[in-house]
Each structure stands twice: as structure tokens, then as C-alpha cells.
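So the structure is just underneath, and the comments pick up after that.
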Amino acid sequence: MLIERRWKKWVFFYIPLTIFVLGTLFPFYWMLVTAIRPDAELYRSWRAVNNAPFWTVQPTLEHFRDLMEKTTFPRWLWNTFFIAVISTGISLACGLLAGYALARLKFPMAGALGTSIFVTYLVPPTLLFIPLADIIRDLQLGNTPWALILTYPTFLIPFSTWLLMGYFKTIPKELEECARIDGATRFGAMTRIIFPIAVPGILSAGIFAFTLSWNEFIYALIFLSSPERKTVPVGVVSELIRGDIYFWGQLMAGALLGSIPVALVYSFFVEYYVTGLTGSVKG
Amino acid sequence: MGRARDIRLAYLLLAPALLLLLTALAYPVGWEVWTSLTDLSPVNDHPTSFVGLDNYRRLSGDPAFWRAAANTVAYAALTSAVKLALGLGLALLLARPFRGRALVFLAIFLPWAYPASVSVIGWYWTLSPPIPTAYSVFMGNMKYAVDGALGGGAWAFVSVTLFNIWRGSSFIGIFLLAGINAVPPELFECAALESKSAWRRFWLVTVPLLKPFLALAVFLALTTAFADLANVWMLTAGRIVYPVLGTHAYWLAIHGGQFGPASALSLTLAPFLLAVLFVLFRMFDPPDQERA
Amino acid sequence: MAQVMMKDLNKKYDEVHAVKDVNLHIRDKEFVVLVGPSGCGKSTTLRMVAGLEEITAGEISIGDRIVNDLPPKDRDIAMVFQNYALYPHMTVYDNMAFGLKMRKFPKTEIAKRVGEAAEILGIQELLKRKPRQLSGGQRQRVAVGRAIVRHPQVFLFDEPLSNLDAKLRVQMRVELKRLHDRLETTAIYVTHDQVEAMTLGDRVVVMKDGWIQQVGEPLELYGHPANRFVAGFIGSPSMNFVEMTVADANGALWADTPGLRVKVPPASAARLGPYKGQRVTLGIRPEDLRVATGADAADYSFDTVVEVVEPLGSEILLDLKAGPNVIVARVDPTVRAKHQDKMRLSLHPERVHFFDNKTELAI
């Protein structure tokens, strides 16, 4: 490694890194301060005495209480969770099988199929929401969680297939060849040897898929209409903003609470998805 | 044993994924292409009729369309360039292990992991606060200054762009970091022996080695920005002062009920996407190669 | 315990014809080594026996069964891979037990067999560890152990020692040989290292470009190579080759080229008769050359100039030039030589080989 002088390390490493971290975290801090600021302080003039824009002297949990008791926020949490878990499950299962086939089996059209699955990831919801709205209406799935559970895999499957395919390719071929000689079928080698080894890859694909479906907005906005059916991202925006009235305290509280599951998932598995992204197995 | 059995297994394994994608992707795209040639609308009282390229013709004569298209291109180009630069910087910063790296990772990933629709409210609150807020006067002055200097809607453009960059650059950074990790460290060390200037090393070694990852990152940034609808919709709370193609189509279809023209509008994104895709595939082999 | 038969075996990939008309009969309890440069088809042949590659044409049988259409798991074989292929998520014990578990052996029997194998290989202490906690040599032992617990009909080894360092490789080579003497299971062993091939094999199969070049016991390959490729491949340093013209002089045949002229030894003379006036390749191993003394026949001696001296301790390798021809000789460590010295060499007349220039076959 290179030996660097100390000031250089500050200028080229610590200072930029600090700026990055502060930049990414400031909006969250801002949300937190707003969420625990009493209304009286929230809507006060800029020039008022004792104005403290970056912190509050009288923190309160009133917005959180309002959110849980006066709105359907707990329902939204449950809806989002339910939809995210099932669509992630479906997509991971499909992605595992398809990713394995593309990474390991030789068959005609393998390249073309792999590329086309990848390309579908790039078809944006903007292109799809109109026809899907029509289909959902025809199937009478509108305003049910199934509308989302069936549409989310359109972007989750290509994504997880692609990620898992990459991970499978980093696993030495000999492992499953050896398993097949040891007495396993091709399918058995896949489930008993390859999948357990691919756990970091599977976890990181699952985390990404979960995040993507937890955060999805457009489809949820279009397919769900009644307030108690909504997901967190849509509910917070559409139900806590009535006309021109913004319930700022509740909005921020909702924003913070609504993403705690995702934040938890990330902090637990941070090591996994970093290896999952870089992919590495040493036999 | 045999190839035949392998082939059968391969198709069997691919079947669920392909079936779901086919029904939920291929069919809608076909439907959309067809609809863009008709005047389909749920509020029609006459049967849907085939109108040929009328919808497209009407679009090309519509200044609002051209404005939205120009906005889209500017938005995509600007956000992609900035995200790439920041992301690359971030990736280089995080490339070496240091104490607390996992924590920094977590912080960096947060904007992406957070539901955009809710974090966007935080930004909205920050950048365009409602009148009776503690610091709304200050932000209001900012808005008038920016709009005054650059024309109406400029402040909205700035906020959407800022938000997109904030949310996207860390993801690009982590993506590129995966690329750096895939390059054998000897290559970087060897370069360090051969050239003393970090700047030259960056351009002569780091960038060329990362080229496939950079290409894919640019591609992801461009396509998501082109197709962006959610961010713009949310950050302006549905009151679009700064229309892009996506929001335009949303209004036409969901509020106006005009599926035909809206489909045509959505499909005008396709050439953009295909062009970027084409360039990408020219720059490096299909996706299965670049992780190897 | 079983014999392995390969009949007109062929493997074609899209463009490449990797294995061509291989016919091989491996006898019960025999240790056969397939050796050749990379890309010669030896690994592909082994993988066809394992069932990991499809057979394009021909037939393989293990015991009395034709196994062409049997999946690998039903062939009753065990294989050791170059990168060990230990399952990283299982302990050493589970790695070794995996094959038996898949075959639904009772628990007590599994424990007994794993215990036996661990004892033979001296890895009892490692059974609870995960592969990543093992050194290269230990991993190799586990891989071998995993193969022997199954008591298969045939062992397949695919370059199992290539990832080990030189010292360990020699040690493991000896152990493998001892193991085979003890278990007496038919084994097919693939390597690119001719020393491994010579030391381990009851018989050695030399392959090149998908063809079998020669099958034989190690000393047979060394002493009577069937063609120029085998002659050059077996033995280290390689045999010297010099292109020469066969000429008739004074009632005897002579091989002649600028800077080098030797008499054709009587043993070869009859076979070389038809080549009179034509060019052939003379082959002589470095160890069959020595510094000429007065007692050596002048007919088999020639003058050289020393180019490079490589003392190895037990012997010295000399790079010499006889006219324009480069020749390597292996001489006693007592020989004093330095760059540009003149030196007269003598060759061992019974150990001279001649090869046809066109077919490259031994004459």
C-alpha cells in the first residue's frame, strides 16, 4: 500500500467522506427534528425569538401518537409488509431457478433468453402502468393487494435473476459436479449444494427486492384507492396531505416509522449484501 | 445423463420467470402499442376505433409535448452526469477498508433504501415549505431568485434534480465499488509503482478498468431518469409545474382517461431507451459477462 | 472393483473435436494415468467416464455395464478435483459423509466408514472443521477421503496435486501410491506432469490433440517411445532432437548434419536402410550423453562448445552447440566446464532414437 502524508489523507479522504455522509443523512435528521417538534414551534415565524431551526427545545411524541391512533397508518404498514414479503418470495423463487439455469445449464437460446430477461428490467413502469391498469381492471383485481403482488415481480424477477446468476457464476462448477458424482441429481446438487452456498447472494437479492417493493409508488398509487388498503409510501403522501393542508408533523413521523423495517433489514445484513454484490466463494 | 435432460431442466427452471414476465410485460407492451393506434378511453361512449398514427401526429404538433421531452432530456443528462461523478468519487473513497466502513455503508445506502415517496416529502418540506413555516420566507426568497434568474419552474427543476442526485448517487457509488472490488488489486498496485500522479493513474488505469461498470451505471441512471414519473409527481405533490414525459402520460391516462394518446406518449420513451441500450451493448458484452 | 472399457470414444464440441477414437482397456485394480499437454483431451476423457460430459460417439463401460446413458450418480465412481471442490458450508465430516447420506446408508455405517478413511489419511482431528480452516494439503486429504469412504468401483483423479506446492506434491504423490496399493481400486488419473505420470501409473496413456499417442508401462514409454511427441514429452530435461541426413559411407550408415556426424548404431541400421539419402530426426536423451574419453569409439563422438552451465548439485546440465545444433547433456557433477569451453561428447549407441520426419513415428 501507499504511504501518504497526513494532510493528504485529510484532504482526500476524511473531509470528502464526512461531506458525503452529512449530505446523505441531513434530510433524515431534518425529518426527525420536524417529527418531534411541537406544532406551535413548527408553524412559527422565521424571525421569532428563540427560533432554533436545527433542533427543538421541547421534543414531543404527539405526532407519532396521532399517526398511530388517528390515521390508518398501522394498516398501511401491514399492507406494505404483506405485499413486499409475498412479491419478494415469488420473485426470489423464480429468480433462483432462472438464475441457476442461465448460469449453469447449456441449452439453445440461453444467451438470448438471458439478455431478454435483463432487458425487461429496463422496461420502466412509465411504459407499463397504462396497460397494466387496464388488465387489473379486467381481472377485477383493482384495490386488492394482489394487483401489486402480481405486478411487482415484473421488475423484481429480472433484477434478482440477474443478481443471482452473477453469484452462481462465482461458485466453482466442480462443487456440483462432485455432488452429482456423490449421488445427487442435477436438481439435488442445486438445492443441497449450490443454494446453501449462495445464501449471501440470495439474501442480498432478497433485501434489494424487498426494498424495491416496499418503496414502490406508481403502481400502488394507481391500483389501490381506498385508504385502508394503501401502502406506506402512497398512504403517507395521499392521506396525510389533504388539499393544501399538510400534516407536517405526522408526515415526518410516518416517513420515519414507515421505513424502519427497511432500515433494520439493511443494518442486519450489511455485510451480506456487500459480499452479495461483489460475489466471492473460496472452495 | 445427457444434454436432452439438461435442456429440459433448463426450460423447466426458466418457465415460472418467463411466464410471469411474458404475461406481465410482453402482453402489456403489445397492448400499449396497439392502443397507441386507437382512441381507446374508458369514458368513450362510442366504440373504440382505429386511428392509425393520429395520436403520434397530434403529439408532434403539441408544444407541451416538446417541452416535456426537452425537460426529460435535460433532467436525465444532468442527473446522470452528477450521479456518476459523485458515485465514482464515493466508490474510490470506500474502496479501501477503514474502521467503521460498514456504518458508512449503511449511511450511504439509506437514501436509496428509504421509500422515495416519504423521503421526498422531507425534501419538499425543506425546499418548498408551506407559507406558515418557520423558515418559509427564506426558502421562498430562494425560489424567487432561482425562478427569476432561470425562468418559471426552475426551482421545481432544481428540487427534483437535487432529490434524484441525493437518492441515486450513493447507489451508483456502491455499484461501482462492486466493480472496483472485481478488479485484481495487483493492477492498481502495479499502476501505483509506475506513475506517481494519482490523477494520471485515475484516468489511465481506474477508468479504463471500470469501463463496463461505468457504462452500466450510466445506463441505469439514464433509463431511470428518462422514465421518471414518481419522483417528479411526488416532489411537486401532483401539481406538475415541471412536466416530464412520464407525468404527462400519467395525467392523460389516469385523469384524462385518454388511453390512446397516453400510450403513444409513453411509447415515445422507447426510442430513447433503445438508443441507450444499443450504445451499451456496443460498449461491452451482454450482462452475463461483466460480473465474471 | 471393475474394469473400464472405452471403445471408439469421441467428443465433439461445436467447433472442437476434443477426443478422437479413443480405445482403452483399463484392467481391474489398475492405476492408469492419462498425461499430455493442456487441451489434449485427457480431462474430457475423464469427464466422460464420470458422466459429466456427454459422449458424442463410442461407448464406455464400467464393470460389465455400458454407462453411456447413466447419470454420474449411478456410475459408482468417485472423483477428486484439482480445486478440491469441498462443500464450503459443511464440516469435514459432513463433506465425507455426503455421498453416503445421499445413498441412504445407516448412520452407524457412515460414522464407521468416515472414521476409517479419516484414520487412513490422518485427518481425525479435522472432522469438525470447515474447509476454509484447512491448509491446502489438508483439503486435498479431505477430498481424497470423501472419495474413498464410498468404496466406489473406480477412482477418478483430475489433476489432484496441481494446486499444491512442490514439496507437498511429492509427499502426496507417495501417499496416493500407498493408498492405491492398500485399497486396490481401479483408478484413472489425469495430469500434465510427466513425473507424476511415471511414478504413479501402472500404465501411462500419452495423449495429444485428442489422440492417444501411446499406451504403456512407464519404462516402456521412456525406453521405446512410439513417436517423436512421446519421446519429447516423457523425460526431463527433454530428449534432444537433431535433423540429419542418412548417408552411406565405408559400408556403414551415417547420420550427418553440419557440425555433427555420427555412425548409425548397428541395432538401428537395418531399419534405417530405406531412408538412405533422406532426412530423419535423431533423438538422444541428455542422460545418454557423456564427456568423451579415449575409450569411447570415435564413431559415436562429436565436438561441441559449452554455452550454459547449470549445476544442480547431483548433476550438471550443459547447454552445448554442435555446429548450429543446440544439445543438452546431463553430466557428472565432477565435470569442470565453463562458457565457451570446447568439449567432446560421446553418445550411448544403444539409446539413440530415430524418427521419420513426415509421420514423426519411431523408426
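Bear in mind the structure is a predicted one, so any value in this text is a computation, not a measurement. Per chain, numbering begins at 1; letters A, B, ... match sequence-line order.
For Leu97(A), the parts lying under 4.5 angstrom from a heavy atom of chain B are both the backbone and the side chain. At a 4.5 Å heavy-atom cutoff, the contact between Ile90(A) and chain B is made by side-chain atoms alone. For a residue to count as touching a neighbouring chain, one of its non-hydrogen atoms must lie under 4.5 Å from one of that chain's; by this rule Thr151(A) does not touch chain B. Neither the backbone nor the side chain of Phe210(A) comes within contact range of chain B; no heavy atoms are under 4.5 Å apart. Only the side chain of Leu21(B) comes within contact range of chain A, judged by heavy atoms closer than 4.5 Å. Proximity to chain B is limited to the side chain of Thr211(A), based on heavy atoms less than 4.5 angstrom apart.
No side-chain heavy atom of Phe107(A) sits less than 4.5 Å from a side-chain heavy atom of Leu9(B). A 4.5 Å side-chain heavy-atom check between Leu102(A) and Leu13(B) finds every atom pair outside the cut-off. Residues Ile135(A) and Trp31(B) form no side-chain contact, since every pair of their non-hydrogen atoms from C-beta on lies 4.5 Å or further apart. Between Pro131(A) and Thr35(B), every side-chain heavy-atom pair lies at or beyond the 4.5 Å cut-off.
Remark: Leu132(A) CG to Glu32(B) CD distance equals 9.0 Å, nearest 0.5 Å. Once rounded to the nearest 0.5 Å, the distance linking CG of Leu93(B) with OG1 of Thr18(A) reads 9.5 Å.
Heavy-atom pairs under 4.5 Å with chain B were tallied for Phe187(A), Trp214(A), Phe28(A); the largest tally goes to Phe28(A). In terms of heavy-atom pairs under 4.5 Å with chain A, the best-connected choice from Leu267(B), Val29(B), Leu86(B) is Leu86(B). Between chain A and the residues Leu90(B), Leu18(B), Leu20(B), the largest count of heavy-atom pairs under 4.5 Å involves Leu90(B). For the set Arg104(A), Arg186(A), Met190(A), Met109(A), the entry with the most heavy-atom pairs within less than 4.5 Å of chain B is Arg186(A).
The two atoms that bring Arg167(B) and Asn215(A) nearest to each other are NH2-ND2, 3.6 Å, heavy atoms only. Of all heavy-atom pairs spanning Ala98(A) and Ala17(B), the tightest one is CB-CB, 3.9 Å.
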